[in-house]
Amino acid sequence: MRANNDNQIDQIVNGASIQFNWNFEKHKFMVGASIDAASADYSNTSQLGFLDANRKAYLDPAQANPQFAGAFVPLANNDFEGINTTKSLYFSETWTPVDTWHFNASGRYNDTQTKNKIASRSGLANYSIVDLPGVPDNYNLCPNGNCSNVSKNYRLIQLNNTLNAAETEKFSYYSFNPSLGATWQAKENLNLFANWAKGTRTPSVIELGCAFDKTPTPAGMTDTDGDGITDTPIFVPKSIAENRQCTLPTTLSGDPYLPQIKATTYDVGMRGTWGDSLQWNLGAYQTDLKDDIYFVSVGNGAGFFNTIGKTRRRGLEAGLSGKKDKWGFSLNYGLTDATFQDNFLMLSEDNSSSSYVIGYGNVIEVKKGNRMPGVPLHNLNASISYEVTPQWQVGLTAVAHSESFVRGNENNQHKQGVIRRVIGTDPLTGNVVTTPATTNPGTVPAYATFNFQTSYKFNQEWTVSMLVNNVFDKKYFSAGRLGHNQFSPSISGAIGPDGYNHNSDDWLSTNFISPGAPRGVWISLNWQFDKQK
């Protein structure tokens with residue numbers, strides 16, 4: 001039996017803005033104001049179901065043993081609603097003292113008010129649907145000795161009030177984000193630019209609803225000096241002590257304040273032309289983030305949003321494009337080095353380099369300079385086009401990305417061939433019994449895909465286009481996380497009809513991967529208003 005989640009998610013963004021612009025001989029000035037309200041409503045229930053031989057999930061209470069109450073009635077996990085309201089004032093001034101120089105200064109002031117209302121389960125009440133038993137029906141009476149319509153098996157538990165009383169949270173965020181920039185037209189075919197900017201992002205309502213609470217909380221005693229006496233208290237973060245992890249977007253919990261993310265960006269570059277048919281650009285950038293927010297998994301899709309300190313995105317961008325007769329091309333390369341900039345410990349149950357910490361579980365040490373998961377270091381985009389006739393064009397685009405680390409491997413140290421745990425000693429053979437060695441890499445491989453596009457223009461108004469993405473139907477993966485395969489072949493475990501291995505010691509390490517889109521074809525017909533008619 002497996003847990004099936006039923007999610008109801010509603011998100012609405014409403015807003016309004018007003019802006020005024022003035023254009024003078026040497027100045028362009030703009031001022032404006034806006035208000036945005038982003039609301040979110042989540043509700044979730046879980047119910048036990050089944051998997052068939054093809055691992056297709058379905059509900060069938062009649063097939064379940066009545067002691068598994070979770071197969072008969074859904075269990076409420078959360079009821080959550082929240083709203084972020086941001087009021088902003090902004091301005092921009094561009095000064096052109098001479099034709100070849102442009103200076104820009106801008107700023108934006110934000111006032112964000114967040115209000116969340118969360119009803120959830122925590123502590124001992126945060127049990128899984130598989131841990132919900134039916135209660136033997138021992139006290140029913142048979143009227144006049146007739147028991148034909150009286151239940152004599154298990155009775156269902158009333159699950160209407162499983163949630164804790166709703167908690168209301170209110171948070172306030174304020175920021176002023178300035179920006180300064182300059183461009184210089186050094187030559188007719190050469191332009192140089194530089195920019196510096198501050199920015200902020202306030203935590204979303206769901207990040208605040210599932211924030212990690214680091215408050216030290218007593219969680220038992222242990223023996224640290226080896227004298228056999230458990231006399232040293234254990235303190236763990238409050239979220240772990242109270243079992244408040246989230247199964248997003250399912251189980252949320254009322255948790256602490258998260259600071260807004262602050263970013264500082266530096267950007268310099270140049271662009272220009274060679275002759276009449278070639279254009280080029282070259283640039284470098286760096287964005288430093290403070291109080292970055294990261295989702296930390298604790299297994300089975302559960303986890304927390306946590307502030308992990310400083311991170312950095314640094315890179316280069318280069319491009320070359322041009323056209324000769326009926327041929328056109330473009331080539332763009334990006335180097336993106338995304339790294340953690342602070343040392344910290346992170347929960348990672350399936351990383352081969354993790355070590356056990358009392359009260360936490362398996363943790364890894366993330367160090368400054370470790371690359372962030374999900375961000376390829378090298379990225380390439382190339383295209384070529386041909387004008388068959390003045391009305392008919394065809395083109396081919398190639399997109400390539402280098403390998404990237406998966407989540408759970410934030411320390412970049414997960415390796416294949418590592419035995420995670422010693423189970424014990426076989427009493428018959430005396431051999432040491434271990435869990436299977438890790439077989440999965442801590443990365444998703446590099447990949448390249450090709451896209452085809454063509455268009456035909458009937459006249460000034462009508463154009464038909466066709467786009468074929470992933471022409472060769474390449475199987476690729478854009479992201480992933482470390483995990484374990486519950487459908488692993490049996491070593492000593494019983495295998496169910498759906499392939500599930502009921503012995504967790506047999507489970508092989510694996511990467512849960514996000515597959516890329518298969519081949520897709522889109523055909524569109526476009527009409528453009530011709531004002532001359």
Side-chain angles (χ1 to χ4, degrees), residues 9-22 27-42 80-95 103-118 167-182 194-213 248-249 252 254-267 285-295 304-314 338 341-342:
I9 306 173
D10 297 300
Q11 300 183 75
I12 299 176
V13 178
N14 295 309
S17 64
I18 186 171
Q19 182 174 303
F20 300 94
N21 296 274
W22 293 269
H27 295 272
K28 292 184 179 180
F29 184 70
M30 178 269 292
V31 64
S34 65
I35 181 170
D36 298 281
S39 63
D41 292 273
Y42 295 86
F80 163 79
E81 62 181 30
I83 185 169
N84 260 353
T85 302
T86 300
K87 302 174 184 178
S88 303
L89 297 173
Y90 54 90
F91 73 90
S92 175
E93 155 68 4
T94 300
W95 176 42
F103 299 92
N104 177 265
S106 62
R108 186 182 187 97
Y109 175 78
N110 295 323
D111 177 339
T112 300
Q113 303 297 319
T114 301
K115 182 179 180 181
N116 291 345
K117 187 175 182 180
I118 303 172
E167 303 175 49
T168 298
E169 308 169 322
K170 294 182 180 181
F171 305 98
S172 298
Y173 298 94
Y174 308 94
S175 66
F176 176 70
N177 304 317
S179 174
L180 296 174
N195 191 71
W196 167 89
K198 290 277 190 178
T200 56
R201 182 180 76 81
T202 59
S204 68
V205 291
I206 193 170
E207 289 172 333
L208 288 167
C210 194
F212 185 67
D213 192 341
L248 296 173
L252 301 173
D255 274 307
Y257 168 87
L258 285 175
Q260 58 186 336
I261 302 173
K262 299 179 180 180
T264 303
T265 299
Y266 310 90
D267 187 10
Y285 67 90
Q286 177 172 304
T287 299
D288 295 317
L289 275 69
K290 181 181 179 183
D291 296 325
D292 203 357
I293 297 174
Y294 198 79
F295 184 74
F304 309 93
F305 284 107
N306 192 16
T307 296
I308 56 171
K310 299 176 183 178
T311 61
R312 172 176 292 166
R313 282 81 170 166
R314 173 190 290 170
Q341 292 297 304
D342 275 328

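- Here Lys170 contributes atom NZ and Thr114 contributes atom OG1; the two are 12.0 Å apart, rounded to the nearest 0.5 Å.
- Taking every heavy atom of both residues into account, Trp196 and Pro178 meet most closely at CH2-CG, 3.9 Å.
- The minimum heavy-atom distance between Asn84 and Pro203, with the atom names listed, is ND2-O, 3.3 Å.
- Distance alone, capped at 3.5 Å, is enough to place a donor-acceptor pair between the Asn104 side chain and the Glu93 backbone.
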Query - Full working for side chain to side chain contact (heavy atoms under 4.5 Å, CB included) between Asn21 and Lys28 - result: CA-CA 7 Å; Asn21 296 274; Lys28 292 184 179 180; over 6 Å; no

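- In this structure, Asn195 and Gly181 approach most closely via the heavy-atom pair OD1-CA, 3.5 Å.
- Counting only heavy atoms from C-beta outward, the side chains of Tyr109 and Tyr174 approach each other to under 4.5 Å.
- Taking 4.5 Å as the limit, some side-chain heavy atom of Ile12 sits within range of a side-chain heavy atom of Asn14.
- Taking each heavy atom of Ala105 and Phe91 in turn, the nearest pair found is O-CE1, 3.9 Å.
- Residues Asp342 and Ile308 form no side-chain contact, since every pair of their non-hydrogen atoms from C-beta on lies 4.5 Å or further apart.
- One side chain, Thr264 or Lys198, offers a donor N or O that lies under 3.5 Å from an acceptor on the other.
- Counting heavy atoms from C-beta on, the side chains of Gln341 and Leu289 never come closer than 4.5 Å.
- Counting only heavy atoms from C-beta outward, the side chains of Gln19 and Ser92 never approach each other to under 4.5 Å.
- To the nearest 0.5 Å, atom NZ of residue Lys117 and atom CD1 of residue Ile83 are 14.0 Å apart.
- Side-chain polar atoms of Ser172 and Gln113 form a donor-acceptor pair below 3.5 angstrom.
- Distance OG1/Thr307 to CD/Gln260: 11.5 Å, rounded to 0.5 Å.
- Residues Phe171 and Thr112 are not in side-chain contact: their nearest non-hydrogen atoms beyond the backbone lie 4.5 Å or more apart.
- Taking 4.5 Å as the limit, some side-chain heavy atom of Tyr266 sits within range of a side-chain heavy atom of Asp288.
- Rounding to the nearest 0.5 Å gives a distance of 11.5 Å between OG1 of Thr200 and CG of Asp291.
- The two residues Ser17 and Tyr90 make their nearest non-hydrogen contact at CB-OH, 4.4 Å.
- Considering CG of Leu89 and CZ of Arg108, their distance stands at 9.0 Å, rounded to 0.5 Å.
- Residues Asp267 and Tyr285 are in side-chain contact: their nearest non-hydrogen atoms beyond the backbone lie under 4.5 Å apart.
- Interatomic distance, Ile261 CD1 to Lys290 NZ, rounded to the nearest 0.5 Å: 13.0 Å.
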